[in-house]
Amino acid sequence: MEKLLDMARKVCDQAEIYYCDPTSSEVMFQKGELHDIESQFHSGMALRIIKNGKLGFSYTKNLINREEFLQNALDSLKGGVQALYDFPHTSDLPFLKTYNEHLEEVTSSSMVENCQRIADVFLKNTDAEIEVVAYKEIQNVRIMNDHGTDVQSKIGSSGYWLSLVYPGGGAGISRVYEEKIPFSVSRNTLDNLVKLYNDSSKVCEVSGGKMKVLFMPGSMYTLLWRLHSGTSAKSIYEDISPIKNDIGKQIISEAITFYDNALDDEVPGARSFDDEGVPTKRMNIIEKGILKNFFYDLNYAQKLGAKSTGHGYRASMWGGDTITMKPTPRLLHPRIEPGEKSFEELVAMMDKGIILDGVMGAHSGNIPNGDYSVGVSPGLYVEKGEIVGRVKDIMIAGNVYDTLKKVIAIENKLHPCWGGRMPAILFDSISVSSK
Amino acid sequence: MLLKLKQILNKADADYADIRYEIKKDTFITLDGKELSNIGSTSTDGYVIRVLKNGGFTSVSFTKEEDAEKALKTAQENAILLGSNIEKPITLAKVPIIKDTFIPTLKEDPRGISIEEKLQLLRHYNDIPLAHDKIAMTNTRYFEVTREKYFISSEGAEIHEDLITTGIGGSIISKDGNLTQNVRIGAGGSDGFYTIRELDDKFEQRTQIAIDLLKAEPVKAGAYNCILNQGLAGVFAHEAFGHFSEADIVESLPAMRKKMQIGNKLGNDVLSIIDNATMPNQLGFYRYDDEGVAVREVKLLTNGVLTGRLHSRRTAHEFGEPISGHCVAEDYRYAPIIRMGTIYIEPREKTLEQLLAELGDGLYILDPKGGQTSGENFTFGAQYGYVVKNGKKDRMIRDINISGNLYQTLQDITAVGNDLKLSKTGGCGKGQTNIRSCHGAPHILMKNVVLGGI
C-alpha cells in the first residue's frame, strides 16, 4: 500500500487507498435440519485520487500490477467528476475494542452445534417452519492517504438470525442477535420467542381504521430509511428533504432522540473513523424532537460549506461490494434513545392494536417525502393488552414525520436490527387498511 | 484459463466438484441533477468452488489464486460436516455434460463505444426532465456489466459464456413546496447498446408523470378492483408467484410446498405463467446457468394449474422433477442460487379498452415501485394510477401500495389482456442482486386488492 501511495503522490495532488479483507462463514438450518454451509475469503483495494479538483477512482480484488491500477484511476480523471475537498489528516484516534480473539473459537462445527440446540427447542415447542442461521464475520479495514493518515481496525462479530414461520404463511417471528464474542442464545430468550409465536398463531379478522401500532425493532427500518433520506447531506444538497430548513425546530415528539454512535464498542461494528478516514463521534440528529444536525461526508460537506461529520461510508441501502462503491453520507450506527417501558408493559398499554413485528415493502413508496405504506409480515393482534393472534392482508401506512409525533411510549432496551439498534416504539392512531 | 481451473480442481478430493472463475467489468456513470458524481470503468475477478463429499454439498468463494487450496480444504471439511449432520445425503440430478463457448452477438457492442459518448447520451436524456421548473432533481445512471465466466466440473463440463448487460436507470423527482414526488425510468437489455438509444420520448413522458403527480390525489385506503398495467402485472408474476416457483424457497416452507404440488389448481383459468430465458433479445437471456446446465423454457402455471418449477441440480433431484437450468449467481462473490430468467404472464385476447369496460368502477394502476413477498403474502408499490368510473379513466392518484395473498389473488385475476410487454431493467434482490431479472405481462384485471394509502 505504501508503495502505491508513493507512486500516486508523484502524479496527482492527493491520493487515498482503502483496503478491506472480509472473511465470513455461515451455517444455515432449515426445517430444523442443517441445510448449507458457506464461506468467503475476500480482499480488495480501492484508490481515490484528486488532481486539479477532479476525482479519479479505481478498485481491484487482486493488486497484481500497481502501475495499471494507478493508471485506471488516472484514466477516470477524464470523466471530470468534481472533488474540491481535501482528504483528512487523522491521528490519535480513541482505541476501540472492535475485535476479540475468542472469535477464532467460532468454527463451522460450533455453529452447527449451537444452531441444532436452538432448532431443537423450536421444533419441540412450536409447529413453526424454522430457519436458524449462525454466522461469523471478521475484517481488517485500513485507510491511508497522502496527508499522513494511516488508520486501521480489525472488526469481528458473530451472530444468529432466527425465524419461526407460521406454516403456509411465509411471515414469521424473526430476530437477530449479535456479539463481538462467541455466544449462544439463552434458553430464556428462546422461550420468549416460542411464547410470542404460540400466542400469535391464531389468525384474527380485523377491520381497518386508525389504531395503536407497536413498531418492533425489526420493522423500524421502515421509519429509519425515511429519516435517513431526510437528514442526509446529499438530500439537503439536492433540495429534496422536507426538513431542509428545520434545524432547531421541533419536528417530531419530544420523546424521540435519534442519534448515531459509531464509537459504541460494547456492540459489534464500532468504528473510530469512517471510510474516508475522518474521526467519528456520537452525534444527535434529532434531540428530544428538535432537529439538530444533518450528517455529512467530505464531498457533500464541502458542497454545503460544512465539515464532514464522519459519515462517509462505502455502503448503500442494499449492501453491495464495499470496494466498488465510493463514500456517500450514510448512518451506519443509528439508534433511538430507549424509553422506560418493557415490551410487556407496551403491549399492556394497547387496548386494541397491532404489533408490527416485520414489514414488507419498506422500500416502496415515496421515501424522500417520508411516506410509507407497508404490508405486515407479521402483524400480531392485541386486544385488552394481550396478544390474541395475528392479522393477514393488512397494510400500515403513514408519513414518518407525522407518525413520530404520535409516540405513546418507547421500550427500555435497544436491539440489533437491520440498519442499527432500535427499541420498540408504540404509536397512537396509525392508519391500518384491510379487505 | 480453463487449464488453470482444471489444475485447481484436480486437487479436489470429492465426489463432485466444480469451479467458476469470473472477470467482472463495470462501466458506470451517475448524474445527480446536472452534476456528474461518478464515472469510470473497472474490472474485478474471483472464484467460487463447490464440493460434494460424503453427502454434503458446500461452497467457498475467494478472490486470490493463492487461496485456492485453503478454499478447497474448507469446502471439503464443511461438506463432510454437513454430510454427517443430515439424514438424507445430497445428490445432484444428472445432466448432459457440456463443452461449449458462447459469446452472444450484440447489436452495437457497448464496449466499442467511448465513455465520452455514453456520458453525452446520458446527459442528453438527463437534461430532458431538468428543463422543467417543477423538476427538483434527477438521479440517472448508465451501467454496463460484463461477466466473463469460465466453468469446469469434475464431471467434465467446460463452459465459457459472456453476459453483457447495458442499461440506463434512475429517478425523476418533482417538487412543489414541501411535497416531493418521484417516478422511475429504466431501459436496457442483454443484446447491445441500441437498447438505450432513442429514449427522448420516454424521458418526456416520465417527466410529465412526475409533474402531474404533484397534483394527484393520495389514494384512500381500502379494497378495490384494479387493472394493473404490464410493468406492475409483471412484478406480480415475479414477486408474488415467481419466487414460489423457485424450488429452494418452497423447499424451506413445507406447508407451502404441499400447496405448490405440480398438478394443483391454484389460479383462475385465464392465467398461465411461463419462464423462458431462452428468448433472444430479452434482458433475461442466457444459455447456461452457473452449474453448467442449459436453461430451458418452463411452463409454470397453465390455465391456473401448476405445471412446472425452477430448479438447481440439487433441488431437481430432491423434488424428483426435471432440471431447468435456473441456478445463477450475481457474480464471483457468490455460489449460485435458483433465479427466474424471463417470467411472464401469457397474453390472451382482451384489449385494454375491453378490460376497462369489464372493470367498470375501480382503479387503473401503473408501473412498479418495488415489491416484496413473505410466503403467500406480497406487497408492492405502483408509481401512479387513475380512478376508473364506468370504464373511463378519471383523475390521477398517487401513494399506491398494494398488498395481497398469493392464492387468493391467483383466483382473483379474472381477465388477461393481449398486450404483453417485458421489462428492460431488473434488480431482484434474493440475497444477491440479479440485474438480468426480466419479467412481464399484458394488462390484467385483479379483483379486491388491498391498498394502503398513506
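Lettering follows sequence order; numbering is per chain, from 1.
- Per-residue heavy-atom pair counts under 4.5 Å with chain A were compared for B/Gln432, B/Arg50, B/Met256, B/Lys70, and the maximum is reached by B/Lys70.
- For a residue to count as touching a neighbouring chain, one of its non-hydrogen atoms must lie under 4.5 Å from one of that chain's; by this rule B/Thr30 does not touch chain A.
- Chosen from A/Lys326, A/Lys392, A/Lys78, A/Gln116, the residue pairing most often with chain B at heavy-atom distances under 4.5 Å is A/Lys326.
- A donor-acceptor contact shorter than 3.5 Å links the side chain of B/Ser61 to the backbone of B/Arg333.
- In this structure, chain A has heavy atoms under 4.5 Å from both the backbone and the side chain of B/Lys369.
- Residues satisfying the side chain to side chain contact (heavy atoms under 4.5 Å, CB included) criterion with B/Val450, sequence neighbours excluded, are A/Met395, A/Ser433, A/Lys435.
- A donor-acceptor pair is defined here as one N or O able to donate and one able to accept, closer than 3.5 Å; no such pair exists between the side chain of B/Thr409 and the backbone of B/Asp412.
- Counting only distance, with no hydrogens or angles, the side chain of A/Asn72 and the backbone of A/Tyr59 share no donor-acceptor pair below 3.5 Å.
- Distance alone, capped at 3.5 Å, places no donor-acceptor pair between the A/Arg117 side chain and the A/Glu113 backbone.
- At a 4.5 Å heavy-atom cutoff, B/Tyr224 makes no contact with chain A through either its backbone or its side chain.
- Under a 3.5 Å cut-off, the side chain of B/Asn38 and the backbone N or O of B/Ile29 do not form any donor-acceptor pair.
- Neither the backbone nor the side chain of A/Ala73 comes within contact range of chain B, judged by heavy atoms closer than 4.5 Å.
- Between the side chain of A/Ser235 and the backbone N or O of A/Ser229 there is at least one donor-acceptor pair closer than 3.5 Å.
- Of the listed residues A/Thr324, A/Asp393, A/Ile396, the one with more heavy-atom pairs under 4.5 angstrom with chain B than any other is A/Asp393.
- The closest donor-acceptor contact from the side chain of B/Arg257 to the backbone of B/Ala247 lies at 3.5 Å or more, if one exists at all.
- For B/Ile249, no part sits under 4.5 Å from any heavy atom of chain A, backbone or side chain.
- Using a distance-only test at 3.5 Å, with no hydrogens or angles considered, a donor-acceptor pair links the side chain of A/Asn399 to the main chain of A/Asn369.
- Residues of residues 71-81 of chain B lying under 4.5 angstrom from chain A, judged on non-hydrogen atoms, are B/Ala71, B/Thr74, B/Asn78, B/Leu81 by number.
- Proximity to chain B is absent for every atom of A/Val376, based on heavy atoms less than 4.5 angstrom apart.
- Contact count versus chain A (heavy atoms, under 4.5 Å) is highest, among B/Ile402, B/Asp331, B/Ile86, for B/Ile86.
- Looking at A/Tyr166, neither its backbone nor its side chain comes within 4.5 Å of chain B, counting heavy atoms on both sides.
- Of the residues considered (B/Thr42, B/Asn178, B/Asp67), B/Thr42 shows the highest number of contacts with chain A, using heavy-atom pairs under 4.5 Å.
- With a 4.5 angstrom heavy-atom cutoff, B/Gln383 does not touch chain A via any of its atoms.
- In this structure, chain B has a heavy atom under 4.5 Å from the side chain of A/Lys303, while its backbone stays farther away.
- Every side chain to side chain contact (heavy atoms under 4.5 Å, CB included) that A/Gln30 has, sequence neighbours left out, goes to A/Met28, A/His35, A/Glu131, B/Glu251, B/Ser252.
- Under a 4.0 Å N-O distance rule, the pair B/Glu318/B/Arg314 does not qualify as a salt bridge.
- A donor atom on one side chain and an acceptor atom on the other are found under 3.5 Å apart for B/Tyr332 and B/Thr44.
- Only the side chain of B/Ile173 comes within less than 4.5 Å of a heavy atom in chain A; its backbone stays farther off.
- Counting heavy-atom pairs under 4.5 Å between each of A/Lys31, A/Gln40, A/Lys61, A/Met360 and chain B puts A/Met360 at the top.
- At a 4.5 Å heavy-atom cutoff, the contact between A/Glu33 and chain B is made by side-chain atoms alone.
- Ranked by heavy-atom pairs shorter than 4.5 Å toward chain B, the options A/Asp321, A/Thr60, A/Val374, A/Val112 are led by A/Asp321.
- The aromatic rings of B/Phe380 and B/Phe378 lie parallel to each other, with less than 30° between the two planes, well short of the 60° mark.
- A 4.5 Å side-chain heavy-atom check between A/Leu77 and A/Leu74 finds at least one atom pair inside the cut-off.
- Interface check for chain B: of the options A/Ser109, A/Gly172, A/Ser25, A/Ala83, the most heavy-atom pairs under 4.5 Å are formed by A/Ser109.
- For A/Lys244, no part sits under 4.5 Å from any heavy atom of chain B, backbone or side chain.
- Chain B forms more heavy-atom pairs under 4.5 Å with one residue of A/Asp75, A/Asp239, A/Asp402 than with any other, namely A/Asp239.
- Between chain A and the options B/Pro254, B/Ser41, B/Pro368, heavy-atom pairs under 4.5 Å are most frequent for B/Pro254.
- Remark: A/Asp357 does not engage A/Arg390 in a salt bridge, criterion side-chain N to carboxylate O under 4.0 Å.
- If you look at A/Trp161 and A/Trp418, their ring centroids are not closer than 6.0 Å.
- Contact count against chain A (heavy-atom pairs under 4.5 Å) is highest for B/Leu82 among B/Asn85, B/Val60, B/Leu82.
- Per-residue heavy-atom pair counts under 4.5 Å with chain A were compared for B/Val449, B/Ile39, B/Thr63, and the maximum is reached by B/Thr63.
- Within the structure, every pair that satisfies the ring pair (Phe, Tyr, Trp, His ring centres under 6.0 Å) test and touches residues 25-51 of chain B, not counting sequence neighbours, is listed here: B/Tyr21-B/Tyr47, B/Tyr47-B/Phe62.
- One N or O on the side chain of A/Ser434 and one on the backbone of A/Gly208 form a donor-acceptor pair closer than 3.5 Å.
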